[in-house]
Structures are given as C-alpha cells and as structure tokens.
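To start, the structure itself, in structure tokens.
Atoms within a ligand are numbered from 1 in the order they appear, just like the ligands themselves. What you are looking at is a predicted structure, and each value in this text was computed from that prediction instead of being measured. Atoms considered below: every heavy atom in the structure, side chains included; atoms not considered: hydrogens, waters and symmetry mates.
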Amino acid sequence: MELVATVAAAFWAMLPAYVPNNAAVLFGGGPPIDAGRTWKGRRLLGDGKTWRGTVFGTLTGVALALLLSAINEPVGTAVGVDLPHFPLVVAFTLAFGAMLGDILASFLKRRTGRERGASFPGLDQLDFVVVALGLTALAAPGWFWSVFTWPVLAVVLVMTPVLHLSTNGIAYALHLKEEPW
Ligand code: CTP
Ligand code: MG
C-alpha cells in the first residue's frame with residue numbers, strides 16, 4: 001500500500017522533531033530563557049520555556065535521530081519501506097528547530113496577550129514543524145527534498161496535529177502537563 005509507506009516514512013522522518021517537545025515536558029523546569037524579562041508589560045517568553053527543557057529536548061531529539069539512523073535498514077527491510085537515515089546536521093536541525101518553533105510560538109503568544117499555558121489553535125500544533133522543516137531545508141536541501149517529497153509533506157501536515165493533540169492529551173491525563181495543548 002502506497003499510502004501506508006508514505007505515512008511510515010513521514011512518521012519516521014518526523015520522529016526527531018516530534019520527541020523534543022515531549023522530552024522538554026519531562027525534563028523541563030529551572031531558570032526560564034527570558035530570565036523573567038518583559039516587553040510592554042508582558043513576559044518575553046514566559047516560565048514555560050526553560051534552558052533545561054530546551055537543551056534536554058534538543059539532545060533527546062538528536063540522540064533519537066542517531067538511533068533511528070543506526071536501525072533504518074533492518075527496520076525498513078522488515079516493514080518493506082525505505083526509511084531515511086539522518087545526517088548529524090539534520091538530526092540537529094530537526095530537534096533544535098522543533099524547540100525553536102515552540103519558543104517562537106510562545107513569543108507570539110505573549111505578544112498577543114496569552115498567558116503561559118493558553119492555547120493558540122493552529123500555532124500550537126504546527127509551530128515546531130514549520131521551523132524544524134524550514135531549518136532542515138536550509139541546512140540540507142538535498143536531503144530535505146529527497147525525504148520530504150510533496151506526498152510526505154501532505155501526510156506530515158495532517159498527521160502532526162492529530163499526534164500533537166493526542167500525545168498532549170495523554171500527558172495532561174497523566175498530570176505531566178498542566179494544559180492539554
Ligand atoms: N518546557 C521547557 N522548555 C521548553 C519547552 C517546554 O522547560 N523549551 C517545559 C515547561 O515545563 C513547560 C512544559 O514543558 O511548562 C510544557 O511546554 P509548553 O506547552 O510548550 O509550555 P507552556 O507552559 O504551555 O507555555 P506556553 O504558553 O509558553 O506554551
Ligand atoms: Mg502550552
């Protein structure tokens with residue numbers, strides 16, 4: 001089935017960008033990146049964006065990308081799908097890009113008067129994808145366009161909000177996260 005193969009490749013290619021935000025929820029905390037600074041009476045980023053969460057989130061995503069790279073051939077053969085390998089630069093742009101997208105979204109949320117934890121439908125679900133993929137396309141265009149073909153990108157656009165809402169819902173139900181978005 002062509003669609004199953006496209007979904008499998010899209011999920012595999014996006015895993016290093018999906019995991020950092022969840023790792024940040026688990027490992028986050030400590031001093032906020034904006035060190036409490038405000039702009040026009042509102043926090044620059046807020047207490048939800050910390051150094052520890054960002055560093056651990058990025059490292060977790062990079063480590064996962066390297067692990068997936070080591071097993072892409074046996075797993076791909078087993079499921080009958082050609083799964084991508086991640087060069088180190090791509091491991092970094094996918095993981096750090098995801099964290100940066102989430103940070104930029106918090107910046108926009110504070111500018112639009114939303115307090116920490118408030119939802120911003122659309123932005124919350126796709127912020128990290130846009131920056132992770134954008135940075136990767138800039139840093140490694142050849143790799144990017146060979147893996148993220150238009151059908152794969154279409155799957156990513158549909159699959160990401162569904163996965164994001166369900167994983168955050170689970171994290172909320174487990175009391176790991178204060179809000180379900
Ligand atoms: N987190 C972190 N550092 C990051 C991102 C997330 O420490 N760069 C941790 C924080 O403990 C944060 C939690 O993960 O509270 C959930 O992340 P998120 O939903 O992105 O943050 P919010 O607290 O909802 O804040 P915001 O409104 O700015 O998104
Ligand atoms: Mg949030």
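Under the 4.0 angstrom criterion for non-hydrogen atoms, Gly46 is not in contact with ligand 1. In this structure, Arg110 has a heavy atom closer than 4.0 Å to ligand 1. Note on ligand 1: Lys109 sits in its first shell, one or more heavy atoms being nearer than 4.0 Å.
Note on Met14: it clusters hydrophobically with Val79, by side-chain heavy-atom contacts below 4.5 Å among ILVMFWY residues.
Residue contact check: Lys177 has heavy atoms under 4.0 Å from atoms 16 (C), 19 (O) of ligand 1. The distance from ligand 1 to the heavy atoms of Asp102 drops below 4.0 Å at these ligand atoms: 5 (C), 20 (O). Set against the non-hydrogen atoms of Gly117, the atoms of ligand 1 under 4.0 Å away are 24 (O), 25 (O), 26 (P), 27 (O).
In this structure, the side chain of Asp34 engages the main chain of Gly46 through a donor-acceptor pair within 3.5 Å. A donor-acceptor pair is defined here as one N or O able to donate and one able to accept, closer than 3.5 Å; no such pair exists between the side chain of Arg52 and the backbone of Phe56.
The nearest heavy-atom contact from the protein to atom 11 (O) of ligand 1 is Arg116 NH2, 3.9 Å. Protein heavy atom in closest approach to atom 14 (O) of ligand 1: Val25 CA, 3.4 Å. Closest protein heavy atom to atom 3 (N) of ligand 1: Thr50 N, 3.1 Å. With hydrogens left out, the protein atom closest to atom 8 (N) of ligand 1 is Thr54 OG1, 3.0 Å, a heavy atom.
Taking the ring centre of Phe107 as origin, the terminal cationic atom of Arg111 falls inside the region bounded by 6.0 Å and 45° from the ring axis.
Residue Met99 has no N or O atom closer than 3.5 Å to an N or O atom of ligand 1. The distance criterion of under 3.5 Å between nitrogen or oxygen atoms is not met by Ile33 with respect to ligand 1.
Comparing heavy-atom distances from atom 9 (C) of ligand 1 across Gly57, Gly53, Ala24 singles out Ala24 as nearest. Of the options Gly48, Gly29, Gly28, the smallest heavy-atom separation from atom 4 (C) of ligand 1 is shown by Gly48.
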